[in-house]
Amino acid sequence: MITVALAGKPNAGKSTCYTAATRADVDVANYPFTTIDANRGVTGVRTECPCLALEERCGNDRCRDGKRYVPVELLDVAGLVPGAHEGKGLGNQFLDRLTNADVVLNVVDASGGTNLEGEPVEVGAHDPLEDVNFVEEEMDLWLAGVIADNWEGVERQSRAPDFDLDGALTELLTGVGATGADVAAVLRDIEYPADPEAWSDADRERLARGIRRRTKPIVVVANKADVAPAENLDRIREGADKPVIPATADGELALRRAAEAGAVDYDPGDPDFEIVGDVSDEQRAGLDAIRDVMGRFDGTGVQRALNAAVYALLDRITVYPVQDAGKWTDGTGTVLPDAFLLPRGATPSDLAYAVHTDIGEGYLHAVDARSDRRIGEDHDLSEGDVVKIVSTAGP
Ligand SMILES: Nc1nc2c(ncn2[C@@H]2O[C@H](COP(=O)(O)OP(=O)(O)OP(=O)(O)O)[C@@H](O)[C@H]2O)c(=O)[nH]1
Ligand SMILES: [Mg+2]
């Protein structure tokens with residue numbers, strides 16, 4: 001499963017985001033370092049379910065009237081402070097939790113109402129663009145540290161006659177999600193000494209920055225947009241060289257709770273909601289305030305941030321394997337039982353391997369269930385494809 005990690009300084013709203021997205025119970029409070037241990041939960045990215053093309057909706061647990069939520073793992077990480085890579089604040093242990101992340105949501109307090117340590121200050125007194133930059137800097141320096149800690153091993157290997165720097169670095173960096181192609185691409189971009197023993201800290205840092213950018217791309221969540229001055233949001237948008245999504249995690253959490261209580265009709269990622277239950281005047285005022293923010297930002301931003309991370313940054317597509325190409329069901333008659341988030345450019349054979357190694361190894365051919373036509377092994381799959389795999393293995 002794809003892992004999305006929430007990173008950011010204390011009090012930015014990571015746990016609120018996490019709680020809203022996963023509806024798990026974690027501590028949410030207005031003091032720094034509320035999260036003492038990383039939390040792991042499951043949320044979903046939203047897409048159009050292929051069942052919209054059928055006469056009836058599929059009724060899958062993860063489909064709400066044609067809005068399909070495809071599972072991704074979400075990690076809540078404790079707040080980072082400047083110097084975290086050297087152990088400041090709660091330090092390295094939390095950066096280490098980012099190791100498994102495929103993509104990072106950098107949650108910043110766009111209101112400027114908390115300083116770099118996450119302590120409350122007058123709204124607007126702190127420049128939120130600093131939060132965007134320092135979190136990225138901490139991640140880069142943390143990775144530089146990981147590389148430095150393991151450099152002796154690279155030096156040792158370099159004494160062997162058949163030494164290959166690409167291979168040695170790929171081995172070192174595979175744990176943070178880097179492939180041989182990532183290492184080769186970064187080495188092509190930077191200048192470095194041929195002999196590993198001659199590498200300086202600055203050389204390793206350049207390598208770290210390149211690898212971090214490729215293996216842990218960042219979406220900036222400009223949170224607390226409900227109380228953020230407009231110029232702060234402009235400043236973040238202009239200053240950050242990455243996608244920026246204004247958000248109100250608080251608003252999303254309130255809506256999800258209200259939806260669970262039957263007070264509103266709202267599905268995560270909707271641009272608006274409807275009040276359908278009895279609410280007090282106070283609740284109505286609170287909901288109206290959220291609606292106002294949603295109107296300004298086209299929703300609460302939480303779902304949009306998750307979608308931007310997976311579909312835009314990681315460039316994934318959603319593909320649905322089925323056994324019956326006519327009914328779009330699995331062996332038990334469940335309609336559109338599974339959804340896979342594959343890299344763009346994935347082929348039917350890649351899908352077969354994603355379903356199961358045995359199915360991949362026994363792959364014979366595939367059928368596009370929308371058109372009921374056979375598709376070639378090297379055919380690029382597209383978002384929303386429904387595919388029957390014919391394999392010597394499995395059903
Ligand atoms: N106004 C406003 N407040 C928010 C929003 N999201 C979170 N908050 C508040 O910000 C405070 C901190 O939220 P948390 O989610 O605990 O922050 P955190 O990033 O997990 O903090 P640490 O675990 O200490 O790193 C809480 O009081 C939240 O209610 C938002 O969208 N708008
Ligand atoms: Mg927290």
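Sequential numbering from 1 along the given sequence is applied to the chain's residues. Counting starts at 1 for both ligands and their atoms, following the listed order.
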Undergrad: As an exercise, identify every atom of ligand 1 less than 4.0 angstrom from a heavy atom of Gly79.
TA: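 Counting atoms of ligand 1 from 1, those under 4.0 Å from Gly79 are 25 (O).
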
Undergrad: Please compare Thr16, Thr19, Leu6 and report which has the shortest non-hydrogen distance to atom 28 (C) of ligand 1.
TA: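 Result: the heavy atom closest to atom 28 (C) of ligand 1 is in Thr16.
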
Undergrad: Linking directly or through intermediates, with side-chain heavy atoms under 4.5 Å: list the remaining ILVMFWY members grouped with Phe297, chain and number order.
TA: Leu233, Val293

Undergrad: At their closest point, which heavy atom of Ala325 faces which heavy atom of Lys388, and how far apart are they?
TA: CB-CD, 3.9 Å

Undergrad: For Ala12 and ligand 1, answer yes if some heavy atom of the residue is under 4.0 Å from a ligand atom, otherwise no.
TA: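 Yes.
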
Undergrad: Anything under 30° is parallel, anything over 60° is perpendicular, the rest tilted; go ahead and classify Tyr192 against Trp199.
TA: tilted

Undergrad: Measure from the Mg ion (ligand 2) to each N, O or S atom of Thr16 and report whether any distance is below 2.8 Å.
TA: no

Undergrad: Can you list the ligand 1 atoms lying under 4.0 Å from a non-hydrogen atom of Val227?
TA: 1 (N)

Undergrad: Should you measure from each heavy atom of Lys14, which atoms of ligand 1 turn up under 4.0 Å away?
TA: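 Once the distances to Lys14 are compared, the set is 15 (O), 17 (O), 18 (P), 19 (O), 20 (O), 21 (O), 22 (P), 25 (O).
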
Undergrad: Just to be sure I read this right, does ligand 1 sit under 4.0 Å from the backbone of Asn11, its side chain, both, or neither, counting only heavy atoms?
TA: both

Undergrad: Could you say whether the N/O atoms of Ser15 and ligand 1 ever approach to under 3.5 Å?
TA: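 N/O-N/O distance below 3.5 Å exists for this pair.
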
Undergrad: Applying side-chain contact (heavy atoms from CB on, under 4.5 Å) between Val219 and each of Asn106, Val104, Ile245, Val4, report the one that passes.
TA: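 Checked Asn106, Val104, Ile245, Val4 against Val219; only one passes side-chain contact (heavy atoms from CB on, under 4.5 Å): Ile245.
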
Undergrad: Do any pairs count as a salt bridge (charged side-chain N to carboxylate O under 4.0 Å, His left out) and have a residue in residues 165-191, sequence neighbours left out, and if so which ones?
TA: Asp182-Arg214

Undergrad: Any side-chain heavy atom of Ile2 within less than 4.5 Å of one from Arg316?
TA: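 Yes, close enough: below the 4.5 Å cut-off.
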
Undergrad: Considering only heavy atoms of Thr248, which atoms of ligand 1 have at least one such atom less than 4.0 Å away?
TA: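 Those atoms are 31 (O).
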
Undergrad: Do Val72 and Val310 have side chains that approach each other closer than 4.5 Å (heavy atoms only, starting at C-beta)?
TA: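 Yes, close enough: below the 4.5 Å cut-off.
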
Undergrad: Check each heavy atom of Asp226 against ligand 1 and say whether those closer than 4.0 Å belong to the side chain, the backbone, both or neither.
TA: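 Only the side chain of Asp226 comes within reach of ligand 1.
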
Undergrad: What I want to know is whether Ala78 and ligand 1 share at least one N or O pair that is separated by under 3.5 angstrom.
TA: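 No: no nitrogen or oxygen of Ala78 is under 3.5 Å from one in ligand 1.
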
Undergrad: Side chains of Glu252 and Tyr266: do they bring a donor and an acceptor to under 3.5 Å?
TA: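 Yes.
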
